[in-house]
Amino acid sequence: MKVEAVTLREIQMPLVHFFETSFSRTYSRRILLVTVHCEGVNGWGECVAGENPFYSSEWTESAWPTLKQFLAPALIGHDLTSARECVPLMARVRGHRMAKAALENALWDAEAKQKQLPLWKLLGGAKREVQCGVSIGIQDSIEQLLEKIETELAAGYRRIKVKVKPGWDVNVLERIRSRWSDILLSSDANSAYSLDELEHLRKFDQFNLLMIEQPLWDDDIYYHSRLQRELRTAICLDESIHHARDAAAAVETGACRIINIKVGRVGGFTEAKKVHDVCQANNIPVWCGGMLESGIGRAHNVALSTLENFRLPGDVSASKRYWKEDVIAPEVEVTPHGTIIIRDEPGTGYQVREDLIEKLTVRKETIRAVAGK
Ligand code: OSB
Ligand code: MG
């Protein structure tokens, strides 16, 4: 599998409904897609970096030049027997995990197609059906949020996660629980609190939540372990976990009881599998997080979710919750009982709609080997 060239493109896709977290509100996505060209096989990957550096330090505009000037040139011209061999080739670049993941995952897609294997099998997956939950952003009113929850429960989703922040938390959870006393419910703070708010955070314990995700600083593990000792509710780490070593440190210090794996946040499928394995060995359940992906990243999340220790419903939901029209065919669909059935075709099992992608593209650049290299 010789890497001959890499195409970067930015597509712009408006969301069906805005998505608001404790750090920002998004109406439209600027998504960087990566295509690897390997001897007649094209692999596709999605960079999950946001439009701003508010979730993590990476964003669309930091990923593009990093891929163009460092990551793609590190791979072009190499003949790989498997996608994971790209990891040491890109290791010189520190951080930029979402940029790396886009490229690595595109290679996994190419490898699966070349070997005529479904991606989920190549990744070592075991499940043929994965459980889905939804992540519901902060709304303009609590009534609007309750309406959304009602819609998603009717659609069959197995877990409702609501975004919280100071001023939109205990009051909101109270209203949800008084209407639905026994649904699987969790909350995600995206680092909106500090340890000084311990007494306030204790109030979350009354709602029988499956978890509170990332209550404290995005780069912290230690203080989460202090907080976890004080709460009955399980803490789930998202932003803080960048690789398997972070996961091991979180487990060792007791900083969380659950981990959210986002393949972009940890730098690609190879590291995502390692995080999964560390958690499995320590009896920490994981679930697959989402980053408002287009169908390309979404299909990768579906494949990753087939690994055995993805024991809780993920933020992997139907394409139509995000997009009027997704860039894959078929779109990701969810059964009335809140699951996605795994497809068995080679690669992701979802066809990339290149014609539609072309229409959505606002910039595009192909990087090839420089003469003499
Ligand atoms: O923290 O999980 C998060 C979206 C953007 C940035 C961070 C997060 C999210 C979500 C959305 O919760 C999950 C989804 O794709 O539905
Ligand atoms: Mg989160």
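When a ligand or atom number is given, it counts from 1 through the structure's own listing order.
- The cationic group of Arg177 does not satisfy the cation-pi geometry with Phe207, failing either the under 6.0 Å distance to the six-membered ring centre or the 45° limit from the ring axis.
- The shell of residues lying under 4.0 angstrom from ligand 1, judged by heavy atoms, excludes Thr21.
- Here Arg128 pairs with Asp344 in a salt bridge; the nearest charged N to carboxylate O distance falls below 4.0 Å.
- A cation-pi arrangement is absent between Arg232 and Phe204 under the rule of less than 6.0 angstrom and at most 45 degrees off the ring axis.
- For the 3.5 Å distance criterion, the side chains of Tyr350 and Asp326 fail to qualify, holding no donor opposite an acceptor.
- Salt bridge Lys127/Glu308: absent, no basic N to carboxylate O contact under 4.0 Å.
- Distances shorter than 2.8 Å separate the Mg ion (ligand 2) from the protein N/O/S atoms Asp188 OD2, Glu213 OE2, Asp238 OD2.
- Within ligand 1, the atoms closer than 4.0 Å to a non-hydrogen atom of Asp238 are 1 (O), 2 (O), 3 (C), numbered from 1 in the order shown.
- Atom numbering of ligand 1 starts at 1 in the shown order; those under 4.0 Å from a heavy atom of Lys161 are 2 (O), 12 (O).
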Under 3.5 Å, which donor-acceptor pairs do the side chains of residues 272-281 form with other protein atoms, sequence neighbours left out?
residue, atom, partner, partner atom, Å
Lys273, NZ, Leu123, O, 2.7
His276, NE2, Asn309, N, 2.9

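- Under a 4.0 Å criterion applied to the non-hydrogen atoms of Asn190, ligand 1 contributes the atoms 1 (O), 3 (C).
- Arg159 forms a cation-pi arrangement with Trp287, by the criterion of a distance under 6.0 Å to the ring centre and an angle within 45° of the ring axis.
- Proximity of a side-chain donor or acceptor of His337 to a complementary backbone N or O of Val334 within less than 3.5 Å is not detected.
- Closest to atom 14 (C) of ligand 1 by heavy atom, among Phe19, Tyr322, Phe23, is Tyr322.
- For atom 3 (C) of ligand 1, the nearest non-hydrogen atom from the set Gln214, Lys262, Glu213, Met291 comes from Lys262.
- In terms of protein heavy atoms, atom 13 (C) of ligand 1 is closest to Gly290 O, 3.4 Å.
- Residue-level proximity to ligand 1 for Val134 is absent, since no heavy atom of it falls below 4.0 angstrom.
- For Lys165 and Glu20, the salt-bridge test passes: some basic side-chain N is under 4.0 Å from an acidic carboxylate O.
- Of the possible polar contacts, none joining the Arg9 side chain to the Thr361 backbone as a donor-acceptor pair under 3.5 Å is found.
- Some N or O of Ser135 is nearer than 3.5 Å to an N or O of ligand 1, by distance alone.
- Checked options Asp218, Asp238, Asn190; the residue passing with Tyr55 is Asp238 (criterion: side chain to side chain donor-acceptor pair (under 3.5 Å)).
- Remark: ligand 1 atoms within the under-4.0 Å shell around heavy atoms of Lys163 are 1 (O), 2 (O), 3 (C), 8 (C), 9 (C), 10 (C), 12 (O).
- Proximity annotation for atom 15 (O) of ligand 1: of Leu292, Ile136, Asn301, Leu292 comes nearest, heavy atoms only.
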